[in-house]
Amino acid sequence: MQMQFEKNVFSKRLKSMLHVDFRRMFTSSLFYLMAAIAFVVPILILVMTTMMDGSVSVNPQTGAETVMEGFDSVWQILGAVSPSAASTVSTTPTASTPAAGAGMGAGMDLVSMCNINMMCFAVAVFVCIFICDDFRSGYAKNLFTVRAKKSDYVISKTLAGFVGSAAMLLAFFVGACIGGGVAGLPFTMNGFNAFNLVCCMLSKIAVCLIFVAVYVLASVIAKQRLWLALILSLGIGMLFFAIVPMVTPLNATPLHVVLCFAGGAMLGVGLGAISNQVLKKTALV
């Protein structure tokens, strides 16, 4: 009787690797902790900024007064309308009303800083801990020895990190809706509609693929040194952070979604190939 051994093809290896990573992710306290933080943060931001809106602080040295500016609508915490669309909206910004393009680089006020885009750095914490834990525990070395190739590992971690980042963004969105209701902010849409809002969220999720690929590369370089992975991730992530509000405005269209997914896929493949080479050329401890 002739025995036949089943080939360990790429699709089977990747499916097995994804099954392990998603099971580990969805059963870990880290995933639910980060999702909970993403959910609570917009509630705290909207409620606290609404309470402080209009308050005046005085610089004791110069006597200059600074007026705290809050959010005018719930959707401002997700981003801003692109300047081209903002010019068609018949609204005049006042001292207490940020311009529609504030989140596009016109100013670095509280409203333009405290929004969903800062979740890109929370994703860095999630991905770095998720990967560095593999090297600290010796799981990665054992994994590469007995079952998986390094390319399978990189692809699986990138996809798992992407799903985790999408979950965090959705948690932020839900928290923003609840926080806006608690703070009594309006849900009016000036310069965009519900379809644009959906495209905006899809674009932000797609852009996360770029950041996840960067964080995976930083993590495989640092391996068990979490501190180094975080420094590299946050440092490199800052270089890409400026493009997020430009390519994911509130008035996003399907074109934004396609371009973000295409850019994320291309950079994901390129950075993934580099991550694979790093694992091949360096020691696993």
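Nothing fancy with the numbering, it's 1 onward along the sequence.
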[atom1]/[X] to [atom2]/[Y] distance, rounded to the nearest 0.5 angstrom?
X    : Y    : atom1 : atom2 : result
L202 : T248 : CG    : OG1   : 11.5 Å
L185 : C177 : CG    : SG    : 11.5 Å
I155 : K150 : CD1   : NZ    : 14.0 Å
D152 : M17  : CG    : CE    : 8.0 Å
T282 : Q277 : OG1   : CD    : 10.5 Å

Quick one: does [X]'s side chain get under 4.5 Å of [Y]'s, heavy atoms only?
X    : Y    : answer
L259 : V247 : no
M189 : N196 : no
L169 : C208 : yes
C128 : L226 : yes
L170 : V174 : no
F71  : N115 : no
I77  : F172 : yes
S275 : L217 : yes

Original post:
Taking K204 for the side chain and L78 for the main chain, is one N or O donor matched with an acceptor at less than 3.5 Å?
Top reply: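 Yes; judged by distance alone, with no hydrogens or angles, the pair exists.
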
Subject >> Main-chain N/O of K12 paired to S16 side chain as donor or acceptor, under 3.5 Å >> reply: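 Checking the backbone N and O of K12 against the side chain of S16, no donor-acceptor pair under 3.5 Å is found.
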
Please answer: with hydrophobic residues joined when any side-chain heavy atoms are less than 4.5 Å apart, are [X] and [Y] in the same cluster?
X    : Y    : result
V154 : V269 : no
M51  : V182 : yes
W227 : I236 : yes
F26  : I129 : yes
I116 : V198 : yes

Which atom pair, heavy atoms only, marks the closest approach of [X] to [Y]?
X    : Y    : value
A252 : C199 : O-CB, 3.5 Å
F135 : Q224 : CB-N, 3.7 Å
F211 : C120 : CE1-SG, 3.8 Å
F241 : N117 : CE1-O, 3.2 Å
A166 : I205 : CB-CG2, 3.8 Å
V74  : G180 : CG2-CA, 3.5 Å

Original post:
Which pairs with one or both residues in residues 21-39 pass side-chain hydrogen bond (donor to acceptor under 3.5 Å, both in side chains), sequence neighbours excluded?
Top reply: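 Residue pairs with at least one partner in residues 21-39: D21-S156, D21-K157, R24-D134.
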
**OP:** Apply side-chain contact (heavy atoms from CB on, under 4.5 Å) to V214 and L232, showing your working.
**Re:** CA-CA 9 Å; V214 169; L232 291 175; over 6 Å; no

Original post:
Cut-off 3.5 Å, side chains only: do K149 and N276 have a donor facing an acceptor?
Top reply: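 Their side chains do not contain a donor-acceptor pair, so the 3.5 Å distance test is not met.
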
Subject >> T253 side chain to H256 side chain, donor-acceptor N/O pair below 3.5 angstrom >> reply: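 Yes, because at least one side-chain N or O of T253 sits under 3.5 Å from a partner of the opposite role on H256.
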
Subject >> Whichever hydrophobic residues join F195 through chains of side-chain contacts under 4.5 Å >> reply: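 For F195, no cluster forms, as it stays isolated from other hydrophobic side chains.
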
Original post:
If you count the non-hydrogen atoms of other residues, nucleotides and ligands that lie under 6.0 Å from CE in M238, is the total more than 12?
Top reply: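 Not more than 12 within 6.0 Å, no.
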
Relative to each other, are the rings of [X] and [Y] parallel, tilted or perpendicular (30° and 60° limits)?
X    : Y    : result
F261 : F162 : perpendicular
F130 : F126 : parallel
W75  : F173 : parallel

Side-chain polar contacts of residues 33-47 - donor-acceptor pairs under 3.5 angstrom, sequence neighbours left out - could you list them?
none

**OP:** With side-chain contact (heavy atoms from CB on, under 4.5 Å) as the test, would you mind laying out the steps for N190 and V81 before giving the verdict?
**Re:** CA-CA 8 Å; N190 296 321; V81 177; over 6 Å; no

Original post:
Only one of V220, I274, I221 forms a side-chain contact (heavy atoms from CB on, under 4.5 Å) with L279, so which one is it?
Top reply: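 Exactly one pass, corresponding to V220.
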
**OP:** Begin with the C-alpha distance, continue with both residues' side-chain angles, and end with the deciding distance and a verdict on side-chain contact (heavy atoms from CB on, under 4.5 Å) for F31 and V163.
**Re:** CA-CA 11 Å; F31 173 77; V163 172; 6.0 Å; no

